[in-house]
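The figures that follow rest on heavy atoms only: side chains count, while hydrogens, waters and symmetry mates do not.
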Amino acid sequence: MATSFLEDAARTQAAEAVAAIESQTAAEVVVAVRRASSDYAHTDARLGAAVAFVVLGILLFIPQEVHLYAFPPVVLLSYAAGVMGGRLLPSLRRALTPRKLQEDRVRTAAKAAFTELGVSHTSRRTGILVFVSLLERRVEVVTDYGVDPSLMGAEWQEALTQLSSTIAASPAPEPFFQALRRLQAPLSRVLPRLEDDVNELPDMPGAVA
């Protein structure tokens with residue numbers, strides 16, 4: 001059992017889920033997994049500044065005398081430690097980054113990946129990208145012109161909600177791929193597989209960036 005989206009076993013599970021969906025629909029589903037949709041350097045900088053400010057306050061108010069020459073290197077090291085802490089602790093970086101900003105960055109990255117991975121190049125324009133961003137624990141689904149979500153109704157929306165809730169609750173891939181298979185029913189109803197359908201896009205997710 002895979003414990004991370006980054007493992008080969010998880011990539012195999014993704015390919016199996018995509019193949020199962022596409023066996024019943026003309027849609028072409030691609031799963032893309034990214035470690036993060038942004039470097040969020042500003043969040044790390046804010047954390048570094050906060051740590052440096054706290055350390056500076058301690059230096060100023062502790063009863064022991066501290067030489068002035070010690071202030072700059074200690075404060076700079078504190079800032080660097082805070083920045084490094086943000087980079088090494090994804091949960092902390094996620095908690096300190098505004099949710100709206102995370103949503104925007106994931107959506108932008110998903111739209112870019114839609115083009116980069118060729119999801120927009122299918123013959124019937126029925127490509128669907130399921131974009132997973134691990135740091136933010138968000139999933140963004142981008143559909144091409146040939147896929148009309150409004151025709152799939154509540155069943156489609158419920159499947160998307162399940163996808164989002166599983167990745168938000170846990171980074172484990174198994175529940176996510178189970179939820180992914182729920183896309184099959186609404187897609188097969190609105191875009192049933194045709195006799196001349198061919199697999200235009202790879203089922204296996206690409207390399208993680």
For [X], all residues meeting side-chain contact (heavy atoms from CB on, under 4.5 Å), sequence neighbours excluded:
| X | value |
| --- | --- |
| S120 | F114, R125, D144 |
| S188 | Q24 |
| A27 | T25, I128, L187, L191 |
| R124 | T126, L194, D196, D197 |

With sequence neighbours excluded, tell me which residues meet side-chain hydrogen bond (donor to acceptor under 3.5 Å, both in side chains) with [X].
| X | result |
| --- | --- |
| T108 | none |
| E136 | Y40, S133 |
| R105 | S38 |

For [range], which residue pairs pass the salt bridge (Lys or Arg N to Asp or Glu O under 4.0 Å) check, not counting sequence neighbours?
| range | result |
| --- | --- |
| residues 149-158 | E155-R189 |
| residues 55-82 | none |
| residues 67-82 | none |

For residues [X] and [Y], determine if any side-chain heavy atom of one lies less than 4.5 Å from a side-chain heavy atom of the other.
| X | Y | answer |
| --- | --- | --- |
| V130 | L183 | yes |
| D203 | V30 | no |
| R181 | E16 | yes |

Under 3.5 Å, is there a donor-acceptor pair between the side chain of [X] and the main chain of [Y]?
| X | Y | result |
| --- | --- | --- |
| Q162 | A179 | no |
| T12 | D8 | yes |
| S164 | T161 | no |
| E22 | V29 | yes |

**Message:** Tell me the closest heavy-atom pair linking E200 and T122, and the distance in Å.
**Reply:**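 Taking every non-hydrogen atom into account, OE1-CA, 3.4 Å.
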**Item:** Exercise: identify the closest heavy-atom pair between V198 and E28
**Value:**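 Scanning both residues, the minimum pair turns out to be O-OE2, 3.0 Å.
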**Request:** Would you check, one step at a time, whether the test side chain to side chain contact (heavy atoms under 4.5 Å, CB included) holds for F5 with L134?
**Result:** CA-CA 8 Å; F5 277 96; L134 298 178; 3.5 Å; yes
Which pairs of donor and acceptor atoms, one on a side chain in residues 81-95, lie under 3.5 Å apart (sequence neighbours left out)?
| residue | atom | partner | partner atom | Å |
| --- | --- | --- | --- | --- |
| R93 | NE | D44 | OD1 | 3.2 |
| R93 | NE | G86 | O | 3.4 |
| R93 | NH1 | D39 | O | 3.4 |
| R93 | NH2 | D44 | OD1 | 3.4 |
| R93 | NH2 | D44 | OD2 | 2.7 |
| R94 | NH1 | L135 | O | 2.6 |

**Request:** Give the cluster check for L96 versus Y79: same hydrophobic cluster or not, with ILVMFWY residues linked at side-chain heavy-atom distances below 4.5 Å.
**Result:**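 No: no chain of side-chain contacts under 4.5 Å links L96 to Y79.
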Exercise answer: donor-acceptor pairs, residues 45-62 side-chain atoms, under 3.5 Å, sequence neighbours excluded:
none

**Prompt:** Can you tell me if CZ on R193 sees more than 12 non-hydrogen neighbours from other groups inside 6.0 Å?
**Reply:**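 Result for CZ/R193: enclosed.
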